[in-house]
Amino acid sequence: MKHVENYTQQFFPVENPPMRWAQKNAIEKPPIWCSVDLRDGNQALITPMSLEEKLEFFRYLVKIGFKEIEVGFPAASETEYQFCRTLIEEHMIPDDVTIQVLTQVREHIIKKTFEALEGAKHAIVHLYNSTSVTQREQVFKKSKQEIIDIATKGAEYCEACRKKTPGHFRFEYSPESFTGTEPEFALEICNAVLDVWKPTLEHPVIINLPVTVSHSMPHVYANQVEFMNDNLKYRENVIISLHPHNDRGCAVADSELGLLAGGDRIEGTLFGNGERTGNVDIITLAMNMYSQGVDPQLDFSNMPELVEIYERVTRMHVYERSPYSGQLVFAAFSGSHQDAIAKGLHWRESHDCKHWTVPYLPINPEDVGRVYETDVIRINSQSGKGGIGYLMESKFGYHIPQKMRESFGYFVKSVSDHAHKELQPDEVLQIFQEHYVNIEQPISLPEIHYVQKGENIIESAVTIAYQGKTETISMSGNGRLDAVSNTLKKYLQLDFALTTYTEHALEIRSNAQAVSYVGLKKNGVTYWGVGIHSDIINSSISAFLSALNQLVQAIG
C-alpha cells in the first residue's frame with residue numbers, strides 16, 4: 001500500500017516488563033462488569049436513544065445481571081440529565097445496582113453532574129482528562145505538570161461537591177488515551193489524583209485504564225496494565241478498570257490479557273457498540289469465560305431476546321457472525337461439519353458426559369436460547385447426509401436408515417443447488433414426503449388379503465391397479481411383506497431384491513403412527529420408499545410400494 005512511511009509506533013512500551021501475566025492460562029473469576037451502553041454506546045448511535053428507550057434498556061441491563069451501569073453524561077444534554085433524574089426520582093435503581101456518570105475535568109460540568117446525582121443511593125462519578133502525547137501537544141498545548149494540575153483540581157472539586165451533595169458517591173479517574181501515554185506519566189497523574197481522594201477499604205477508588213484508541217498488540221497493553229498494577233499507590237484500595245476500544249480488532253484480547261495482568265473491572269458494551277469500531281463486546285468476553293467453566297455472573301441464556309431488544313432500541317444490527325450472538329454462529333452448512341456435529345450429539349446421548357465437547361460447537365447452543373434444528377443444522381447445496389439425517393430425526397422424528405440418508409441427502413442438495421437458496425426444515429420435510437412417502441403412482445394396491453398357509457408361510461391376494469387395468473394376483477412368502485413383494489415380481493415380471501427394511505414409531509407426532517423404510521435394489525441401484533400408517537403392516541406395504549414405484553418410474 002502507498003504511504004506506509006507515514007505511519008509509526010504511537011505507543012510507549014514498558015521497558016523490561018516482568019510479564020507474569022503470560023504464565024497464566026485462564027481467567028479464573030469474572031471481573032466487575034460495568035455496562036457503558038447508555039453512555040459510550042449511546043453517543044455512538046446515529047440516532048441516540050430516547051428517554052423511554054434508555055429506560056427500557058436500563059431495566060434490561062439490570063435484568064441480565066449488571067451491577068454497575070454508566071447511565072450517561074448528565075451535563076451533555078437535557079435528555080441525559082433527565083434520564084439520570086428519572087432513575088433516581090422514580091426509584092428505578094435497585095439497591096444492589098450502582099449507576100455511573102461521566103464528567104470532564106471542568107468545574108461547571110462537575111457541578112451539573114452532582115446536581116443530576118442528588119439523592120442517589122449508589123453512584124460513581126467518573127472523572128477524566130486526556131494524557132497522551134498527541135493530545136497534550138496538539139489539543140491542549142500544555143506541559144505534563146499542567147495536565148496533572150488539571151486532573152488534581154478536578155479531583156478536589158469532585159471531593160468538595162461530594163461533601164455537600166446528598167447521596168453516596170464513589171470516584172473513578174481515567175487518564176484518557178492511556179495507551180498513547182508514557183507509562184511513567186500515566187502512573188504519575190493517577191497517583192496524584194489518588195493522593196487527593198485517599199482511597200480506603202470502605203471507599204475504594206477506580207482507576208480506569210482505557211484503550212481510548214488501540215495502538216498496539218494486546219501483550220503491550222497487558223504490560224502497561226501490569227506496570228500500573230505494580231506501582232499504583234493505595235493499590236489495596238484501588239480497583240483497576242479496563243476500557244478497551246476495538247480499533248485494531250483486539251478489544252477482547254486486550255481485555256483478557258489485561259485481566260490476567262491485574263485488571264479487576266471491565267467497562268464495555270453489548271455487541272461492542274461504541275465510537276469508531278466500538279468498545280469491547282462484553283457478551284463475547286463473558287461467554288469466553290463461560291465456555292471455560294467460569295460463571296460470568298451475567299445471564300445471556302436468552303440471546304434471541306437480547307438481540308431483539310438491542311436492535312430495536314439502538315437501531316443497530318447484530319452481525320450474523322458476531323461471536324455467540326450472531327444468527328449464523330452455530331450454523332453448519334458444510335456436510336462434514338454437520339456429520340461431525342450430529343455424531344457428537346448422538347455420542348453425548350449414549351455416554352455420561354460431564355463436559356461439553358461436541359465438534360465445531362464451543363458451547364451448547366441451547367444454553368443461549370438457540371435451537372439445534374433451526375440454528376445449527378442448516379441445509380443448502382453444501383450440506384451432507386449426516387446433517388440432513390439429523391434434522392429429519394431431531395425435528396420431525398424420522399430415523400432414516402444410514403444408506404437411505406445418502407440418497408436423500410444428494411436429492412435435497414440438488415434441490416437447493418438448483419434453487420440457489422438455503423432450504424428451511426419444513427421445505428426439507430416436504431421434499432421427503434413428496435418424493436418418498438406413501439407413493440401410489442403409477443402402481444396402487446386397492447386391496448390386499450392375507451391367509452396363513454403354514455407356520456412360516458403367508459399367502460397374499462393382491463389387487464393391483466396399473467396402467468388403467470386392475471387385476472388380483474396371489475403369491476406366498478415367508479411373511480406379509482415378502483408375499484406382496486413376490487406377487488409384484490410375478491405381475492410385473494421384474495426381478496429386484498429387498499435389501500433394507502426398518503421401522504419405528506413416529507414419536508414426534510401426537511397421534512400414534514408407524515413409519516417404515518424399504519430399499520429395493522436392481523442393477524446395483526437402490527430405490528427407497530417410506531410408508532406411514534397407524535398399522536405397522538400397512539406402513540410396511542406402503543413403504544414397499546413407494547420404493548417399487550420409484551424403481552418402475554426409473555426404468556420406464
Side-chain angles (χ1 to χ4, degrees), residues 7 10-11 33-50 53-54 57-58 61 66 68-77 79-80 83-84 99-106 109 113 124 126-136 138-140 172-181 186 206 208-216 218 221 224 241-255 258 263 265-285 310-311 313-319 322-323 325:
Y7 299 94
Q10 295 188 53
F11 60 89
W33 300 107
C34 179
S35 162
V36 295
D37 291 88
L38 297 171
R39 196 278 302 171
D40 204 338
N42 186 56
Q43 74 183 35
L45 298 176
I46 297 172
T47 304
M49 286 179 271
S50 67
E53 288 169 335
K54 290 191 77 172
F57 204 1
F58 176 83
L61 291 170
F66 282 99
E68 295 185 3
I69 301 171
E70 190 169 75
V71 297
F73 198 142
S77 72
T79 299
E80 296 281 285
F83 175 54
C84 188
I99 60 170
Q100 176 173 305
V101 294
L102 187 69
T103 177
Q104 292 175 328
V105 182
R106 300 172 69 181
I109 293 177
T113 299
I124 296 168
H126 183 181
L127 182 73
Y128 76 95
N129 68 313
S130 196
T131 59
S132 69
V133 173
T134 54
Q135 292 267 18
R136 295 193 319 255
Q138 299 174 28
V139 180
F140 300 106
E172 174 177 352
Y173 174 69
S174 285
E176 192 204 1
S177 54
F178 166 76
T179 47
T181 304
I206 300 166
N208 189 50
L209 305 177
V211 185
T212 308
V213 180
S214 181
H215 295 302
S216 69
Y221 179 60
Q224 293 167 337
S241 179
L242 313 177
H243 184 120
H245 280 249
N246 202 38
D247 303 87
R248 290 169 52 95
C250 296
V252 169
D254 285 339
S255 299
R265 183 177 184 265
I266 291 288
E267 294 187 348
T269 59
L270 303 181
F271 309 106
N273 180 38
E275 296 280 13
R276 305 182 312 279
T277 56
N279 293 274
V280 64
D281 177 8
I282 285 182
I283 293 173
T284 300
L285 195 55
Y310 169 83
E311 291 189 331
V313 301
T314 66
R315 289 163 284 276
M316 299 286 282
H317 174 66
V318 175
Y319 174 46
S322 182
S325 56

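- Side chains of Asn208 and Tyr128 form no contact here, defined as non-hydrogen atoms less than 4.5 Å apart.
- Remark: the Ser214 side chain and the Asp247 side chain contain no N/O donor-acceptor pair separated by less than 3.5 Å.
- Judged purely by atom type and a 3.5 angstrom limit, Ser35 has no side-chain atom pairing as donor or acceptor with the backbone of Leu270.
- Listed by chain and residue number, Gln10, Ser132, Gln138 satisfy the side-chain contact (heavy atoms from CB on, under 4.5 Å) test with Thr134 (two or more places apart in sequence, or in another chain).
- In this structure, CD1 on Ile283 lies 8.5 Å from OG1 on Thr269, to the nearest 0.5 angstrom.
- Between Gly268 and Asp37 the shortest heavy-atom distance is O-OD1, 4.1 Å.
- Scored by the side-chain contact (heavy atoms from CB on, under 4.5 Å) test, Val280 finds Pro244, Ala251, Val252, Ser255, Ile266, Leu285 as partners (sequence neighbours excluded).
- More than 12 non-hydrogen atoms from other residues, nucleotides or ligands lie less than 6.0 angstrom from CZ of Arg248.
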Before giving the answer on side-chain contact (heavy atoms from CB on, under 4.5 Å), spell out for Leu209 and Gln224 the whole-Å C-alpha distance, their side-chain angles and the decisive distance to 0.1 Å.
CA-CA 9 Å; Leu209 305 177; Gln224 293 167 337; over 6 Å; no
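- Residues forming a ring pair (Phe, Tyr, Trp, His ring centres under 6.0 Å) with Phe271 (at least two apart in sequence, or on another chain): Tyr310.
- Under the rule for a salt bridge (charged side-chain N to carboxylate O under 4.0 Å, His left out), the partners of Arg315 that lie at least two apart in sequence or sit in another chain are Glu53.
- Remark: Pro323 engages Thr284 in a side-chain contact (heavy atoms from CB on, under 4.5 Å) (not counting sequence neighbours).
- To the nearest 0.5 angstrom, Thr179 atom OG1 is 10.0 Å from Phe11 atom CZ.
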Between Val101 and Cys84, does a side-chain contact (heavy atoms from CB on, under 4.5 Å) hold up when you go through it step by step?
CA-CA 9 Å; Val101 294; Cys84 188; 4.3 Å; yes
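- Applying the side-chain hydrogen bond (donor to acceptor under 3.5 Å, both in side chains) rule to Asn273 yields no partners; only residues at least two apart in sequence or on another chain are considered.
- At a threshold of 4.5 Å between non-hydrogen side-chain atoms, the residues Leu61 and Leu38 count as touching.
- Partners of Tyr319 by side-chain contact (heavy atoms from CB on, under 4.5 Å), not counting sequence neighbours, listed by chain and number: Arg321, Ser322.
- Although no hydrogens or angles enter the test, the distance criterion places a donor-acceptor pair under 3.5 Å between the side chain of Thr212 and the main chain of Ser177.
- Considering CZ of Phe83 and OG of Ser50, their distance stands at 10.5 Å, rounded to 0.5 Å.
- Under the side-chain hydrogen bond (donor to acceptor under 3.5 Å, both in side chains) criterion, Tyr173 pairs with Asn129, not counting sequence neighbours.
- When all heavy atoms of Phe178 and Pro210 are compared, the closest pair comes out as CB-O, 3.3 Å.
- By the side-chain hydrogen bond (donor to acceptor under 3.5 Å, both in side chains) test, Arg136 is found to be paired with Glu182, residues two or more places apart in sequence or in another chain being considered.
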Show which side-chain atoms of residues 39-49 pair as donor or acceptor with protein atoms under 3.5 Å away, not counting sequence neighbours.
residue, atom, partner, partner atom, Å
Arg39, NE, Glu70, OE1, 2.7
Arg39, NH1, Gln43, OE1, 3.3
Arg39, NH2, Glu70, OE1, 3.2
Asp40, OD2, His243, NE2, 2.9
Asp40, OD2, His245, NE2, 3.4
Asn42, OD1, Met49, N, 2.8
Gln43, NE2, Glu275, OE2, 3.2

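- The distance from atom SG of Cys34 to atom CD of Glu172, rounded to the nearest 0.5 Å, is 7.0 Å.
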CA sep, side-chain torsions, deciding dist, call: Val318, Met316, side-chain contact (heavy atoms from CB on, under 4.5 Å)
CA-CA 7 Å; Val318 175; Met316 299 286 282; over 6 Å; no
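- Of the possible polar contacts, none joining the Lys54 side chain to the Glu80 backbone as a donor-acceptor pair under 3.5 Å is found.
- Scored by the salt bridge (charged side-chain N to carboxylate O under 4.0 Å, His left out) test, Glu68 finds Arg170, Arg265 as partners (sequence neighbours excluded).
- Between the side chains of Glu267 and Gln100, a donor-acceptor pair is found at a separation under 3.5 Å.
- Judged purely by distance below 3.5 Å, without hydrogens or angles, the side chains of Asn246 and Thr277 never pair a donor atom with an acceptor atom.
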